[in-house]
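Read the numbers this way: they start at 1 and go in the same order the structure lists the ligands and their atoms.
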Amino acid sequence: MNSLVRRTQQLSLWRTYCVKHNAPEAASATRNTGKSNYGEFIGHHQRQARRSIVVQVSSEKSYAELYNYCSRFGSILAAHHYCVRQEEALHYVLLEYATPGEAEAAIGAGVTNGELTGVPVRSPFLWFRAAAAGGGRRSPKLTPSPMPHLVSLDGTRQVEQAHLLELMRSARDIEEQVQLLHEHTRLNELGIRIRFLAALQVQLAIAGMFPAAQAHPFGSSVNGFGRMGCDLDLILRFDNDMGAKSPLEASEPSRLVFHTKENLSNGRSQTQRHMECFGDMLHLFLPGVCHVRRILQARVPIIKYHHEHLDLEVDLSMSNLTGFYMSELLYMFGEMDPRVRPLTFSIRRWAQSCGLTNPSPGRWISNFSLTCLVMFFLQQLRQPILPTIGALAKSAEPGDSRVTEDGISCSFARNVERLGFRSRNQSSMSELLLQFFEFYSQFDFHNRAISLNEGRGLSKPDHSAMYIVNPLEQLLNVSKNVSLEECERLRIEVRNAAWVLESEVENASLPDGEGERRELSWGVLNLFKHPERAVIRPNMFFKPRMVEVSDLFEQKEAGSMSSPNP
Ligand code: CTP
Ligand code: MG
């Protein structure tokens with residue numbers, strides 16, 4: 001409750017500040033960040049990225065000098081410091097201006113480094129060189145603004161494991177443990193900002209030829225289930241065609257039609273060819289982009305790369321609109337009930353600690369499939385916490401209509417208020433956690449498929465070990481990659497977890513000594529059997545790859561390239 005009050009106060013201070021400094025756009029964007037719909041959340045961060053630049057500095061001590069220098073281009077509203085590659089300690093400051101024009105002015109004032117050869121690409125990624133002897137002329141600041149406090153955050157790495165354990169040990173009860181785990185491991189504000197900047201960089205790179213191009217983050221970076229260090233999934237569209245028609249377009253299609261290049265081949269090989277070309281462009285021209293790998297034979301062809309200024313691993317696709325809309329559905333589920341995200345984080349941490357999930361794709365269950373298991377569990381409760389996707393689809397209004405180029409409907413009610421769904425379920429987090437483990441220890445994976453569309457089990461249409469109907473492409477199985485052994489292991493592990501948690505819940509209600517508890521692992525910590533596995537490794541760009549599995553990456557890599565950058 002206290003933190004809610006604090007957050008409301010912070011938001012109102014921030015808005016006062018923005019209004020005072022002539023940044024109504026920034027002010028209005030935050031009005032909705034408390035609880036927003038997906039479109040508002042995405043739009044807010046996209047606009048924020050357009051007002052931002054990232055400057056490499058020698059250390060955070062350069063901030064005052066950088067602030068003084070960069071203030072000549074406009075009002076700086078926020079500053080975040082982060083470090084990549086701890087061993088070499090490369091320091092960066094992300095500056096947010098009040099308007100996109102001010103950020104553009106700062107970028108426009110950039111120069112190429114005369115001493116080194118480099119492709120003269122303009123992007124929001126800059127470095128701050130030492131002042132020439134004499135210090136140079138001081139230009140007046142355009143709009144004097146108080147220097148914002150430099151927020152030193154890590155945008156990419158996990159909170160220290162020991163610190164997290166200590167926090168969780170000293171929690172009052174299991175509920176608080178679950179909340180703490182969520183608060184301290186979820187993607188933070190800087191993590192979100194840098195992901196939207198990475199998307200903007202791709203978009204700006206092709207804006208000359210494709211002025212309507214859009215690079216949209218999707219997956220865990222934006223669906224509210226992302227943890228620190230998660231990959232960025234990006235979908236690039238050459239035209240702003242996300243499957244929605246504007247009312248004007250729908251009522252009166254334009255009579256002026258663009259001449260275009262003829263399609264050379266079928267849609268899939270054309271996408272592969274475009275991505276190949278695009279991979280070359282990223283590799284040759286985009287600052288910070290390195291270790292570019294092309295995985296073009298997969299069901300959804302992707303280009304993978306590492307961004308060295310953001311310490312970020314990126315998967316870029318061009319043809320995964322259903323994945324994008326799936327992220328919206330998960331975001332909505334997370335917003336509907338405050339228990340959904342913390343519960344999912346605990347279950348994902350548990351699965352990781354017992355080796356059920358793994359950062360590389362394989363015959364094991366993916367985080368996405370596991371998240372679907374949690375959502376399904378919350379739908380099928382006697383007092384459901386989440387509505388079915390079928391109910392959301394039924395309540396769709398004309399403005400909610402989205403159809404992909406393959407004709408797949410991604411239409412569902414975007415405004416959940418209209419759905420009128422209210423959960424009467426009052427269960428605590430520990431009760432739900434226990435019920436989750438009990439439910440899946442009895443679930444008949446052998447004969448039943450999981451349908452989030454209907455919120456009930458269906459008979460399995462094939463012999464896959466685990467079958468989760470893909471909510472938007474209902475002929476596909478999200479967990480097709482899961483082997484029989486892995487499914488069996490999941491059943492054993494959920495049963496064990498149910499036993500452990502049952503006794504933890506009983507012990508938690510005993511009036512035992514507080515001091516004793518702080519020394520020992522207790523509550524959900526005892527679910528994490530191998531805490532060392534539960535440490536989520538920081539981004540690694542050379543992940544071991546298992547090629548034959550996973551729904552997304554099911555076929556062999558077609559080729560790879562690496563950047564000249566070390
Ligand atoms: N997706 C999907 N169907 C699949 C796999 C993925 O619709 N069979 C979509 C989901 O929206 C998912 C997104 O693609 O969130 C990205 O997939 P992935 O990166 O595998 O999962 P994340 O949810 O991003 O989780 P992680 O943090 O493990 O990357
Ligand atoms: Mg992902």
Check whether any side-chain heavy atom of Q272 sits under 4.5 Å from a side-chain heavy atom of E276, and report yes or no. no
Looking just at side-chain N and O atoms, do R348 and T371 make a donor-acceptor pair shorter than 3.5 Å? yes
Step-by-step side-chain hydrogen bond (donor to acceptor under 3.5 Å, both in side chains) determination, Q48 to H45: CA-CA 5 Å; Q48 193 176 56; H45 284 286; 3.2 Å; yes
Test item: side-chain donor near acceptor, Q201 and H307, under 3.5 Å: yes
Can you find an N or O of G323 that's nearer than 3.5 Å to an N or O of ligand 1? yes
Hey, does S52 have a side-chain heavy atom less than 4.5 Å from the side chain of L197? yes
Does ligand 1 have a heavy atom under 4.0 Å from the side chain of F218, from its backbone, from both, or from neither? side chain
Which N/O/S atom belongs to D233 and is the closest one to the Mg ion (ligand 2)? OD2
Counting both backbone and side chain atoms, is some N or O of N367 under 3.5 Å from an N or O of ligand 1? yes
For S220, is at least one N or O under 3.5 Å away from an N or O on ligand 1? yes
Could you go through the side-chain contact (heavy atoms from CB on, under 4.5 Å) check for E397 and R414 one step at a time? CA-CA 9 Å; E397 299 213 329; R414 262 72 188 175; over 6 Å; no
Closest candidate by heavy atom, reference atom 6 (C) of ligand 1, pool F368, Y331, F225: F368
Show which atoms of ligand 1 fall inside a sub-4.0 Å distance from at least one heavy-atom site of N223. 15 (O), 23 (O)
Assign the ring pair Y440 / F376 to parallel, tilted or perpendicular, where the plane angle (0 to 90°) is split at 30° and 60°. tilted
Give the numbers and elements of all ligand 1 atoms closer than 4.0 Å to a heavy atom of D233. 16 (C), 19 (O), 24 (O)
Quick one: which ligand 1 atoms are inside 4.0 Å of a heavy atom on S327? 11 (O)
Could you tell me whether R341 atom CZ has more than 12 heavy atoms of other residues or ligands within 6.0 Å of it? yes
Proximal ligand 1 atoms for G219, defined as those under 4.0 Å from one of its heavy atoms: 13 (C), 15 (O), 16 (C), 24 (O)
Which of the numbered atoms in ligand 1 are below 4.0 angstrom from a heavy atom of N470? 3 (N)
